[in-house]
Structure formats: C-alpha cells, structure tokens
Amino acid sequence: MLNHEKRSLYEEIYQLICDVVLVPDEEMKINSKVYPYEMVRQRFMSLRFEHVIYVTECMAENFGKVSNIRNYLITALYNAPLTIQNHSDQNFREANHTKVITRYEYESGERLKALQDAGVIKKYF
C-alpha cells in the first residue's frame, strides 16, 4: 500500500497530467520549445504508471534546485516515453556489468554468422 507522501505525489502528477490533457491550447512550451498542443496531448495520453514511477525516481536522484517544478514535471513526463527504455537498459548494464545489445546488433550478428557458415564471407581474423 502507498504511504501518504507517495499517494500525494502521484495525485499531484495525475492532476498535472489532467491539466495538460483537458485544457486545450494552440501550442505548449516544453523545455523552451514550442510544440503543437495535440502532439503534447497525445504524448500525455500515452503515459502509463511506469512512466510516472520513472519520473519520480529520476526526481529523487536530482539534488539540484528546480525553480519551476510544474515545467520540470511537464518536461519530464513529456520525455518519459522516449527515454524510459534507455534508462532501464542503463540500470541493467550497471547492475549486471554487461552490455545490452540491440535487436539490430543481434540480427546483424546472426546474418553475418549465416553468411560465414555459407562460405560467402571469409573470416580473416
């Protein structure tokens, strides 16, 4: 069960998301850049609870002064769907002292091996 402090934090974030989604405007300024409102709205509508947890964890690691917490949270929430996977991969690499390979790297490696096995490509090293 969530303690009162976390519940309050999540409630504030929920209210902020509602403000962004339910109060239309022509455009929105996020991190000093202007975006079409509908684009911002769609991004916010795609947020899941894991994104909110990710943002709150990142906030907990930030010890600097945030002068405008509303803008900070809007920016963090807007970017969360674009950055959460890299954050998770980085945490995994740090915890396991290993490299996470991309699907492209994996598939390219399989393709290279298949070509080598077929004799199309010779291995010179």
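- For residues 21-35, no pair satisfies side chain to side chain donor-acceptor pair (under 3.5 Å), with sequence neighbours left out.
- Here the side chains of R43 and L82 are in contact, with some heavy-atom distance below 4.5 Å.
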Discussion item. Under the criterion side chain to side chain contact (heavy atoms under 4.5 Å, CB included), I'd like the reasoning laid out for M59 against V55: C-alpha separation, chi angles, the key distance, then a yes or no.
Written reply: CA-CA 6 Å; M59 284 178 52; V55 167; 4.3 Å; yes
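- Remark: the backbone N or O of H4 is not paired with any side-chain donor or acceptor of S8 at under 3.5 angstrom.
- For the pair L16/R70, a side-chain contact is recorded, criterion being any heavy-atom separation below 4.5 Å from C-beta on.
- Under a cut-off of 6.0 angstrom, the local environment of CD in Q15 is crowded, with over 12 non-hydrogen atoms contributed by other residues, nucleotides or ligands.
- Between atom CD of residue E50 and atom CD1 of residue I84 there is a gap of 4.5 Å, rounded to the nearest 0.5 Å.
- Cluster annotation: I30 and M45 are assigned to the same hydrophobic cluster (Ile/Leu/Val/Met/Phe/Trp/Tyr, side-chain heavy-atom contacts under 4.5 Å, transitive).
- Y37 and V23 make their closest contact through CE1-O, 3.7 Å (heavy atoms, listed as atom of the first residue, atom of the second, distance).
- Pairing each heavy atom of V66 with each of N62, the nearest pair is CG2-ND2, 3.8 Å.
- Here the straight-line distance linking atom CG of L73 with atom CD1 of I69 works out to 4.5 Å at 0.5 Å rounding.
- Side-chain contact annotation: T83 with Y54, donor-acceptor N/O pair under 3.5 Å present.
- Y14 and L47 fall into different hydrophobic clusters, where Ile, Leu, Val, Met, Phe, Trp and Tyr residues are linked whenever their side-chain heavy atoms come under 4.5 Å apart, directly or through other members.
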Worksheet item: Should F44 and I74 be marked as a side chain to side chain contact (heavy atoms under 4.5 Å, CB included) after you check the CA-CA gap, both sets of side-chain angles, and the distance that decides it?
Response: CA-CA 9 Å; F44 271 71; I74 288 173; 4.0 Å; yes
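- By the rule that hydrophobic residues join a cluster once side-chain heavy atoms approach within less than 4.5 Å of another member, L77 and L22 end up as members of one cluster.
- A pairwise comparison of heavy atoms in V40 and M28 identifies CG1-SD, 3.5 Å as the closest pair.
- Between the Y10 side chain and the F49 main chain, no donor and acceptor come within less than 3.5 Å of each other.
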